[in-house]
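Taking it in order: structure first as structure tokens, then the write-up.
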Amino acid sequence: MGHLDHATLGWLTPVLSYVMACIGAALGLRCTVRGLAACGPSRRNWLLTAASAIGTGIWTMHFVAMLGFGVSGTDIRYNVPLTVLSLLVAVIVVGAGVFAVGYGRDRSRALVLGGLTTGLGVASMHYLGMAALRLHGEVRYDPLLVGVSVVIAVVAATAALWAALNISSPIAVAVASLVMGGAVSSMHYTGMMAVGVHVTPSGEALPGATAMQFIFPLAVGLGSYLFLTSAFVALSPTAGEREASASAQRPVDNDRPLAPPTSAVP
């Protein structure tokens, strides 16, 4: 068995991955709250932004954490198509859950369906990303810990969607995002605890790209997208602010005749 190290770069990757998970969660929750308050194409656009934020945030969290993953006795490479597919799966399946909540008539049923769909999407992204690993040996999983990680993902996703439905205060959303970021990180490291690697020493070159060749540049790009989108959402007026601005700009009709004074009662 090869020795697994989940923090070859020290605390940098666990802390940075948690930060990325929190940013993605905060942005996704704010966009979902905005979407629920909107209607028509505006609701759709906000929910699409929420799905992309949560999906890319979770994916970035996973692969930033994987930058610190190492196995003694073997190099590690990543299959590029599978890695990109894991990102698409995260965004699409999270989007299905967000839209289920955003357009569901029965909020309770939509919450359960959306939480289950989103949680399974998060877990699918994680294990699809792990399937992209290329190393000299065989990767094995503890079925019990895999099941626990999936349960954590579903619970975390359901709690996040519940927060989007019931919390509108920015401070409350920030707190919920910290909790969700912790839950997503817990899911990741629980899933990683389920991993065991039987190393088979070999001098053959591994196929795929190294983490620094592919994962790091893509994670930086997606992180930049999250930061820029966060700035856009922060500067975008809410529905209440737009309504207040529209009311203030409505002209006052000064040409309306005044009502005649009432006669005094003798």
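In this text the structure is predicted, and so the values were computed from the model without any measurement. Numbers here are sequence positions counted from 1.
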With a cut-off of 3.5 Å and sequence neighbours excluded, list every side-chain donor-acceptor pair involving residues 145-166.
unit_1 : atom_1 : unit_2 : atom_2 : d
S149   : OG     : Y127   : OH     : 2.7
S149   : OG     : V146   : O      : 2.6
T158   : OG1    : V154   : O      : 2.8
N166   : ND2    : W162   : O      : 2.8

Heavy-atom closest contact (L113 atom, A100 atom, distance) | CD2-CB, 4.5 Å

How long is the gap from NE2 on H62 to CE on M125, to the nearest 0.5 Å?
-> 6.0 Å

Among the clusters formed by ILVMFWY side chains lying less than 4.5 Å apart, do L16 and W11 turn up in the same one?
-> no

Mind checking the CD1-OG1 spacing from I23 to T60? Nearest 0.5 Å is all I need.
-> 9.5 Å

Please report the closest heavy-atom contact between V89 and S124, naming both atoms and the distance.
-> CG1-CB, 4.1 Å

Interatomic distance, CG@L67 vs CG@L9, rounded to 0.5 Å, equals 7.0 Å

So, T210 side chain and R77 main chain: donor-acceptor pair closer than 3.5 Å or not?
-> no

Which pair of non-hydrogen atoms, one from G28 and one from A50, has the smallest distance, and what is that distance?
-> O-CB, 3.5 Å

Heavy-atom closest pair (A219 atom, V64 atom, distance to 0.1 Å) is CB-CG2, 4.1 Å

Below 4.5 Å, heavy atoms only, C-beta onward: do T32 and W46 meet side chain to side chain?
-> no

In terms of heavy-atom contacts, A51 and G95 come closest through CB-CA, 3.3 Å

All N/O donor-acceptor pairs, side-chain side in residues 178-187, below 3.5 Å, sequence neighbours left out:
unit_1 : atom_1 : unit_2 : atom_2 : d
S185   : OG     : G181   : O      : 3.0
S186   : OG     : G182   : O      : 2.8

So NE2 of H126 and CE of M192: to nearest 0.5 Å the spacing works out to 6.0 Å

Interatomic distance, L27 atom CG to C22 atom SG [nearest 0.5 angstrom] | 12.5 Å

V199 vs S72 side-chain heavy atoms within contact, under 4.5 Å | no

For Y103, does the OH atom sit with more than 12 other heavy atoms under 6.0 Å from it, leaving out its own atoms?
-> yes

Do M212 and L222 share a hydrophobic cluster, counting only Ile, Leu, Val, Met, Phe, Trp and Tyr and linking them when any side-chain heavy atoms are less than 4.5 Å apart?
-> yes

What about L82 and F63, same hydrophobic cluster or not, with Ile/Leu/Val/Met/Phe/Trp/Tyr joined at side-chain heavy-atom distances under 4.5 Å?
-> no

Measure from the side-chain N and O atoms of R43 to the backbone N and O of L36, and report whether any donor-acceptor pair falls under 3.5 Å.
-> yes

Hphob cluster co-occupancy, Y18 + M20, side-chain heavy atoms under 4.5 angstrom | no

pair F69-D5: side-chain heavy atoms closer than 4.5 Å = no

May I ask whether M66 and M193 are part of the same hydrophobic cluster, defined by side-chain heavy atoms of I, L, V, M, F, W, Y residues being less than 4.5 angstrom apart, directly or through others?
-> no

Under 3.5 Å donor-acceptor, H136 side chain and E204 backbone = yes

From the options V93, V101, V94, select the one residue that forms a side chain to side chain contact (heavy atoms under 4.5 Å, CB included) with T117.
-> V93

Residue pair W59 / T83, side-chain heavy-atom distance below 4.5 Å = yes

So, the side chain of S52 versus the backbone of T49: is there a donor-acceptor pair under 3.5 Å, distance only?
-> yes

Any side-chain heavy-atom pair of N79 and R134 under 4.5 Å | yes

Shortest non-hydrogen contact between L29 and S177, atoms and distance = CD1-OG, 3.8 Å

A53 backbone acceptor or donor facing T56 side chain under 3.5 Å | yes

Is Y189 close to S17 at the side-chain level, that is, under 4.5 Å between some pair of heavy atoms?
-> yes

